[in-house]
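Read the structure below first, then the notes.
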Amino acid sequence: MSTTPKSRNNPAQLRGDEGMWTFDNLPIGLLKQRYDFTPRQDWIDHLRLASVRFNDGGSGAFVSKHGLVLTNHHVALGQLQKMSTPKKDYVKEGFFAKRLKDEIACPDLEVNVLVSMENVTGQVLGAVQRKSSDKEQNEQRKAQISRITKDSTDRTGLRCDVVELYQGGEYWLYRYRKYTDMRLVMAPEMQAAFYGGDPDNFTYPRFALDFAFFRVYEKSKPVQIEHFLTWSVDGAADGELVFVTGHPGRTDRLNTVAQLEHSRDFGLPLYLTAAAKKRADCYAYSKLGVEQERRSKDRVFGIENSIKAVTGEYEGLLDSALFQSLKTAEDALRKSVAESSDAATKDATDSWDKIAAVTKKSDDRRLQTAYRSYSATKIAGLANSIVRYVVEVAKPNDKRWEEYRDSSLESLQFLLFSPAPMYPDMEEFFLARALEDAVKELGKDDEFVRAALDGQEPATVARGLITGSKLFDVAERKKLIEGGEKAVADSKDALIVWARKLDPVYRAQRKWYEDEVESVIVAEGNRIAKARFAVYGRSTYPDATFTLRMSYGKVAGYELSTTLVAPFTTFYGLYDRALSHAEKPPFDLAPRVKGAGMKLNLGTKVNFVTTNDIIGGNSGSPIVNAKGEYVGLVFDGNIQSLAGRYAYDGTRNRTVAVHSSGIIEAMRSVYGMDKLADEVVGKK
């Protein structure tokens, strides 16, 4: 399992505490070398089984034997929004269940626990015929993956996903235990959880109580969990070795230079332009009234967070020194391939150029990808999913799109039949805005625009679709799914009729991408992966794929310009920050926090930073010490870490976390949740 690089001149040489490592290939050698720590297999397995993936994005961990799960408030935000009403705004006011009977069910939250992993690279690649075209090889690969997942699901009853790693160099079958009866237990007010608002987002020092508790139930009772993380009351100390286990969403560190250039010159600028318009729409809707402001809080938070994150990624690619380091690493690998006498390695000689060609080919369709909004709103997305669903499930399993395979249907139906509220005026507003953007950016002659509008104005179409649809009723959605292709084909529901018209456009667009672009990138990426393994072995880690990873690091402050940033903040600092800004929003204290001043131990640590390598999706990840004790809760990265999608810099990249002692202090002294705090720390 050693991952010590082969030589000091290896361009894959890891920098500092770099790495989002899969559990089958942890950096045992590096941990021994750098920290004199060698984890036992039972320690590794325990952390894996205590870690939780939130299927709607984010991470968490079990922290008691009674199924208690701890994650971030901002990971819980979507559920809080769905569970709120005009009379009970859990986002603004918080939620505090002091008894089991007060815990309330989430409408559509699924969490997963990784119970086993199996290398199926040979099975997947063995089904791909090298003499076939790239398009045919792509179809063969997907068909084989569908067979593997179906067989495993049928045998185990678990959620089974085949995960592509190292750009197709490896394929692993991940089996998850799935939980869908999730109850909300506690969430602070958003003003306490997201203290400092957008100005403080992706910065440090921070003073955020960004935590929330859920509980997993089975058969209407709290599930009993063997693997949960014991709590460290003292929490992390300066310089201490710590580990993060979580589900980083996506990195592009193994992408080719051509792909990164495409992101820098086209993809990211286009995203930021489109996102700025969506942000303006969100604020326009929120200003229509108090209720509209309440309904749109999670949208506003999401778009602001995304814009700030992607701006940091974009600036990272504009950094000439960073980009040159990526180019240097690629040049070194290409040189090794060119000089190799191994036929399999030499097979990748032209792969970079082929990927560059298809990447450029996709430029002409980048506007279509950005502005053909099949899921502009929740109700529009449901309509399009229903139309595709009945067509796909009528096919043999190995001919379907991935999201409609048998192994995915239970989770998909869970979302399609969600009872979460949808608001007709909100759906109409955002659908009209999305259609307006499509006309403006794509033109009236675009195939999607013609199908979506049929010569009418966007506002008129949106109004007719929303008022003419019964899809807001869960029973209506179930009836269409159960009725299959005939029920959908015969439906007069306005949104279903509209989605049927859009379906051929969507299918043609997706088929073009899969046949012309994806097939080449996968085939050539596989060749590059084989070459990389031949040159460097498995001395590094694959890009993030929203699958479970471990990163290691230490608690450490950092230099910023001409000053030093301390590793910890305290409640003293929180009150000082509020007073220094005269408690003007977003630096005003939440009422409960302000009222707790005399009760709090103000010297208690609130937030801290570590050198762990993380990315979006790690939100809610536990931070544990070498004993496996829970010492902190990941909720952010500093602004310097945003370029981490492409490269890691241990001198500046920092993970930002809530300190375990700060969580308990807030639970007891601010929120009066002593019974829950006792459960967390293991006090009988």
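- Between the CG atom of Leu560 and the CD atom of Gln640 there is a distance of 5.5 Å, given to the nearest 0.5 Å.
- Listed by first and then second residue, the salt bridge (Lys or Arg N to Asp or Glu O under 4.0 Å) pairs that reach into residues 56-67 come to none, sequence neighbours excluded.
- Side chains of Thr570 and Leu602 form no contact here, defined as non-hydrogen atoms less than 4.5 Å apart.
- Remark: of the listed residues Val111, Leu229, Val216, Val216 is the sole one forming a side-chain contact (heavy atoms from CB on, under 4.5 Å) with Phe62.
- Between atom CZ of residue Arg215 and atom CG of residue Leu184 there is a gap of 11.0 Å, rounded to the nearest 0.5 Å.
- In this structure the side chain of Tyr204 reaches within 4.5 angstrom of the side chain of Tyr558, judged on heavy atoms.
- Nearest heavy atoms, Trp21 versus Glu18: NE1-O, 3.5 Å.
- Shown here for Ser621 and Gly246, the closest heavy-atom pair between the two residues is OG-CA, 3.2 Å.
- Between the side chain of Asn612 and the main chain of Ser551, a donor-acceptor pair closer than 3.5 Å is present.
- Between Leu676 and Phe96, every side-chain heavy-atom pair lies at or beyond the 4.5 Å cut-off.
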- [ ] Begin from the C-alpha positions of Tyr195 and Arg577 and carry the test side-chain hydrogen bond (donor to acceptor under 3.5 Å, both in side chains) through to its verdict.
- [x] CA-CA 10 Å; Tyr195 183 78; Arg577 189 154 180 77; 5.8 Å; no

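- Between Asn55 and Asn112 there is a side-chain heavy-atom pair separated by less than 4.5 Å.
- Taking a 6.0 Å sphere around NZ of Lys297, one finds it holds more than 12 heavy atoms contributed by other residues, nucleotides or ligands.
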- [ ] Test Asp200 against Phe194 for side chain to side chain contact (heavy atoms under 4.5 Å, CB included), laying out the working first.
- [x] CA-CA 9 Å; Asp200 274 6; Phe194 192 47; over 6 Å; no

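- Judged by the 6.0 Å and 45° rule, Arg549 forms no cation-pi pair with Tyr541.
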Task: Audit row: His659, Ser661, side-chain hydrogen bond (donor to acceptor under 3.5 Å, both in side chains) steps and yes/no - done: CA-CA 5 Å; His659 200 270; Ser661 64; 2.7 Å; yes

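- Shown here is Gln324, whose CD atom has more than 12 heavy atoms of other residues, nucleotides or ligands within 6.0 Å.
- Here the side chain of Thr377 pairs no donor or acceptor atom with the backbone of Leu431 at under 3.5 angstrom.
- For the side-chain contact (heavy atoms from CB on, under 4.5 Å) with Glu189, the lone residue among Phe95, Tyr671, Tyr90 that qualifies is Tyr671.
- At a threshold of 4.5 Å between non-hydrogen side-chain atoms, the residues Arg295 and Asp425 count as touching.
- The cationic atom of Lys605 (NZ for Lys, CZ for Arg) lies less than 6.0 Å from the six-membered ring centre of Phe568 and within 45° of the ring axis.
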Open item on the list: Apply side-chain hydrogen bond (donor to acceptor under 3.5 Å, both in side chains) to residues Ser59 and Asn618 and explain how you reach the verdict.
Closed with: CA-CA 6 Å; Ser59 303; Asn618 271 119; 5.0 Å; no

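- A salt bridge links Asp674 to Arg668: one of the charged nitrogens lies within less than 4.0 Å of a carboxylate oxygen.
- Atom OG of residue Ser64 and atom CG of residue Asp678 lie 12.0 Å apart, to the nearest 0.5 angstrom.
- No close placement of the Phe243 and Tyr35 rings is indicated, their centers lying 6.0 Å or farther apart.
- Under a 3.5 Å cut-off, the side chain of Ser306 and the backbone N or O of Ile303 do not form any donor-acceptor pair.
- Without hydrogens or angle criteria, Ser263 side chain to Leu268 main chain gives no donor-acceptor distance under 3.5 Å.
- Here the shortest heavy-atom pairing between Asn601 and Glu665 reads N-OE2, 2.9 Å.
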- [ ] List the steps, then state whether side chain to side chain contact (heavy atoms under 4.5 Å, CB included) holds for Met20 with Tyr648.
- [x] CA-CA 11 Å; Met20 303 174 193; Tyr648 172 85; over 6 Å; no

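- Cation-pi check for Arg264 over Tyr646 is not met; the charged atom does not lie both under 6.0 angstrom from the ring centroid and within 45 degrees of its normal.
- Proximity of a side-chain donor or acceptor of Ser418 to a complementary backbone N or O of Leu415 within less than 3.5 Å is not detected.
- Residue Arg294 holds its CZ atom at 13.0 Å from OG of Ser286, rounded to the nearest 0.5 Å.
- Counting all heavy atoms, side chain and backbone alike, Ala657 lies closest to Ile623 at CB-CD1, 3.5 Å.
- Contact between Val609 and Gly557 at its shortest, heavy atoms only, is CG2-CA, 4.3 Å.
- Put simply, the side chain of Met186 reaches to within 4.5 Å of the side chain of Phe211, judged on heavy atoms.
- Taking a cutoff of 4.0 Å between a charged side-chain nitrogen and a carboxylate oxygen, Arg433 and Asp437 do not qualify as a salt bridge.
- Rounded to the nearest 0.5 angstrom, Ile639 CD1 and Asn653 CG are separated by 11.5 Å.
- More than 12 heavy atoms of other shown residues, nucleotides or ligands fall within 6.0 angstrom of atom NZ in Lys277.
- Summarising the geometry, atom CG belonging to Asn305 is positioned 4.0 Å from atom CZ belonging to Phe202; distances are rounded to the nearest 0.5 Å.
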TODO: Check the pair Phe213 / Val63 against side chain to side chain contact (heavy atoms under 4.5 Å, CB included), numbers first and verdict last.
DONE: CA-CA 10 Å; Phe213 288 95; Val63 291; 4.1 Å; yes

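- In terms of modelled atom types and a separation under 3.5 Å, the side chain of Asn625 and the main chain of Lys627 share a donor-acceptor contact.
- No side-chain donor-acceptor contact under 3.5 Å links Arg53 to the backbone of Glu110.
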Task: Residues Gln292, Met426; criterion side chain to side chain contact (heavy atoms under 4.5 Å, CB included); working and verdict - done: CA-CA 8 Å; Gln292 286 86 346; Met426 186 176 185; over 6 Å; no

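- Side-chain contact check for Leu68 versus Val680: some heavy-atom pair is nearer than 4.5 Å.
- Counting only N and O atoms by type, the side chains of Tyr217 and Glu103 include a donor and acceptor under 3.5 Å apart.
- Checked against the 6.0 Å centroid criterion, the rings of Phe214 and Phe54 qualify as a close aromatic pair.
- Using cut-offs of 30° and 60° on the angle between ring planes, the pair Tyr285 and Phe429 is tilted.
- The aromatic rings of His262 and Phe266 lie tilted to each other, with the angle between the two planes from 30° to 60°.
- The environment of NZ in Lys378 is crowded: more than 12 heavy-atom neighbours from other residues, nucleotides or ligands sit within 6.0 Å.
- Remark: side-chain polar atoms of Gln79 are not paired, donor with acceptor, to backbone N or O of Ala105 under 3.5 angstrom.
- A donor-acceptor pair under 3.5 Å is formed between the side chain of His73 and the backbone N or O of Pro188.
- Between Phe546 and His247, the two ring planes are perpendicular [angle over 60°; tilted spans 30° to 60°].
- Nearest approach of Ser232 to Ser660, heavy atoms of both residues: O-OG, 2.7 Å.
- Although no hydrogens or angles enter the test, the distance criterion places no donor-acceptor pair under 3.5 Å between the side chain of Asp252 and the main chain of Leu260.
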